[in-house]
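What follows is a short report on a single structure.
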Amino acid sequence: MIYNTIFAKSFSRYEQKKLGYGAFIGFLLIVLSLCTVFKPYLVPIHDLNLKLSIGADIKMLMVNDTGGSLKIAKDIVTEILVEGTGNSQHMIEDERVVPKKPVNNATRISPQIAKVEDNAIKTLINETSISPTKTEVEKIETRKVEQEQQLQCVSEARTEYCQTQGDIRVHGNSSSVYVVSHKTNSLAENVSWIIRPYARKTDAYAMSSVRKWSTKASSSNQVPQCTKNHSIPAVIFSTAGYTGNHFHEFSDIIIPLFLTCKQFNGQVQLIITDKIPWWIPKHQAFLKKLSKYEIMDIDKDDEVHCFPKVIVGLKRYHKELSSDPQKYSYSIKDFRDFLRDSYSLKRVNAIKIRDIGNQIKKPKLLILSRKRSRAFTNINQIAKMAKGLGFKVIVMEAGQNMWSIANVVNSCDVLMGVHGAGLTNILFLPENAIFVQVVPYGGMQVDWLATNDFAKPSEDMNIKYLEYKIKLEESTIIQQYSLDHMVIKDPSSIVKQGWEAFRSVYFDKQNVKLDVIRFRPTLQRALELLHQ
């Protein structure tokens, strides 16, 4: 208090106020001087915050993306850090954990790349005084476009495939596809995808016979040199899996090949792995229409083939014998048109029955017969009844000669047969034709297969679908089991024993004796539809 009294007596009120302002300004000058002197010692703390922020972005990317985008993002972030802060590369390298095989829900790389790049750029701008120059931003964008063009691996419900572009080298003997980047640094090397190029990836039994292919992103000094150069794209696919089953050949290979290769208009090299010798001659007409070049058998080839673009695996819609034109650019109608051209099929539309004078134009009915299982045991009675209704009847078993079956099916207006792989030939029917599927005895499981394998796909083919479910009395199962047996009473209990047991009972050991009186209205309905 004594000091305050003396101070008050020594100065007037105005002088005290003036002195206070001066002291405050002096304090600010001292603080500013201290900040200037100690500024170099504060920068590392700020740099640490930057490192932690970018490191967090990369950790988040590692959780969300187990594919090839991680290496690209690290390259870009490392490049910025090295140029901007000088000593941050060690921190990035410590986080370099890249799985060699992607998870099933992997998607295209581009969104993840964009995310990490945006995070890195925003962090640099927001948390430091270092702003990327226009040249640096353009460099980042160029790198992103280049990486997207070089390697895109996609995993979908039924298939996985990798699309590569640039300097692509294929070595069959080691089942390897090298995506060569002359700008790749140590952080991007040795990243690979393992692909089994057969479009039924969730079926472990089918996929077990499919050869694994490795698609690797590598620097130019780590890959074998080209021994053969090609100027067209290539597509690698397998004929393992369920090849030998007509349905699976189309659903798992032929249609996926069309969806993958049609874009090239014949200028594409088909590369086959797990080659089955008879498969190529069987589908020769289709394959020659799809590609103008001889198919390459790659498995034992020790050459290094270089292409500007390679697709490993096939695109495939998750539904059987179907396509999504919005996703794959081509519809199942486009595929049927392509088949018609491949086999030089003449008929585009089924007939519409019209009276011409005193003559009635007879529609053609094709009865697909079977020998080993699910065969019609009274096929002559069925044919006789159909002729009585006014059909011209053809009885034929689907065989290996695709030219023959394609032309016969295309010449008919109605096709009928018991559920089985042979019904895949509805693909050759003309527009507005009638398809009659006879569903064997077997409960909900057989009904589900009949619906999803053929009934639903036929809707997109512009084919009119009719279904006839047989009664127990029309099945030869009744001759093999008593009425109180679980095979007859509860087919679902046989499903629980596994697919092999179920198939053996209801598909392999069942034939059909069609009740022609009960079946007659189904063919009458087919005639009515042909009048419309």
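What's counted below: heavy atoms across the whole structure, side chains too, no hydrogens, waters or symmetry copies.
Using a cut-off of 4.0 Å between Lys/Arg side-chain N and Asp/Glu carboxylate O, D447 and K469 are scored as salt-bridged. With salt bridges taken as basic N to acidic carboxylate O contacts below 4.0 Å, one links D413 and R347. Ion pair E431/K333 not flagged as a salt bridge, since none of the NZ, NE, NH1 or NH2 atoms sits closer than 4.0 Å to an Asp/Glu carboxylate oxygen. Taking a cutoff of 4.0 Å between a charged side-chain nitrogen and a carboxylate oxygen, E320 and R158 qualify as a salt bridge. Salt bridge present: R200 and D252 bring a charged side-chain N and a carboxylate O closer than 4.0 Å. Classification of E500 and R503 as a salt-bridged pair holds, one side-chain N sitting under 4.0 Å from a carboxylate O.
The distance from atom OG1 of T159 to atom CG of L259, rounded to the nearest 0.5 Å, is 10.5 Å. Note that CD of E156 is 10.0 Å distant from NE2 of H318, once rounded to the nearest 0.5 Å. Here CD1 of I236 is found 11.0 Å from CG of L270. Values are rounded to the nearest 0.5 Å.
Nearest heavy-atom pair, V268 versus V235, reported as atom, atom and distance to 0.1 Å: CG2-CG2, 3.9 Å. The two residues N410 and P430 come nearest to each other via the heavy atoms O-CD, 3.6 Å. Taking all atoms of both residues into account, the shortest heavy-atom contact from L290 to F258 is CD1-CA, 4.2 Å.
For the pair V436/V414, a side-chain contact is recorded, criterion being any heavy-atom separation below 4.5 Å from C-beta on. Side-chain atoms of N425 and H246, non-hydrogen and from C-beta on, do get closer than 4.5 Å to each other. For the pair H248 and T243, the minimum side-chain heavy-atom distance is 4.5 Å or more. Looking at heavy atoms from C-beta onward, F507 lies in side-chain contact with V446 at the 4.5 angstrom threshold. Between V310 and Q163 there is no side-chain heavy-atom pair separated by less than 4.5 Å. Under the 4.5 Å side-chain criterion, counting only non-hydrogen atoms from C-beta, I382 is in contact with M416. Put simply, the side chain of E249 reaches to within 4.5 Å of the side chain of W279, judged on heavy atoms. Put simply, the side chain of W278 reaches to within 4.5 Å of the side chain of Q400, judged on heavy atoms.
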- Worked verdict on S369 versus E397 for side-chain hydrogen bond (donor to acceptor under 3.5 Å, both in side chains): CA-CA 5 Å; S369 61; E397 183 178 7; 4.9 Å; no
- Pair H305-N229, side-chain hydrogen bond (donor to acceptor under 3.5 Å, both in side chains): steps then yes or no: CA-CA 6 Å; H305 296 271; N229 289 285; over 6 Å; no
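In this structure, the side chain of S209 engages the main chain of A206 through a donor-acceptor pair within 3.5 Å. No donor-acceptor pair closer than 3.5 Å links the side chain of Q445 to the backbone N or O of P491.
The closest side-chain donor-acceptor pair between D274 and S238 falls under 3.5 angstrom.
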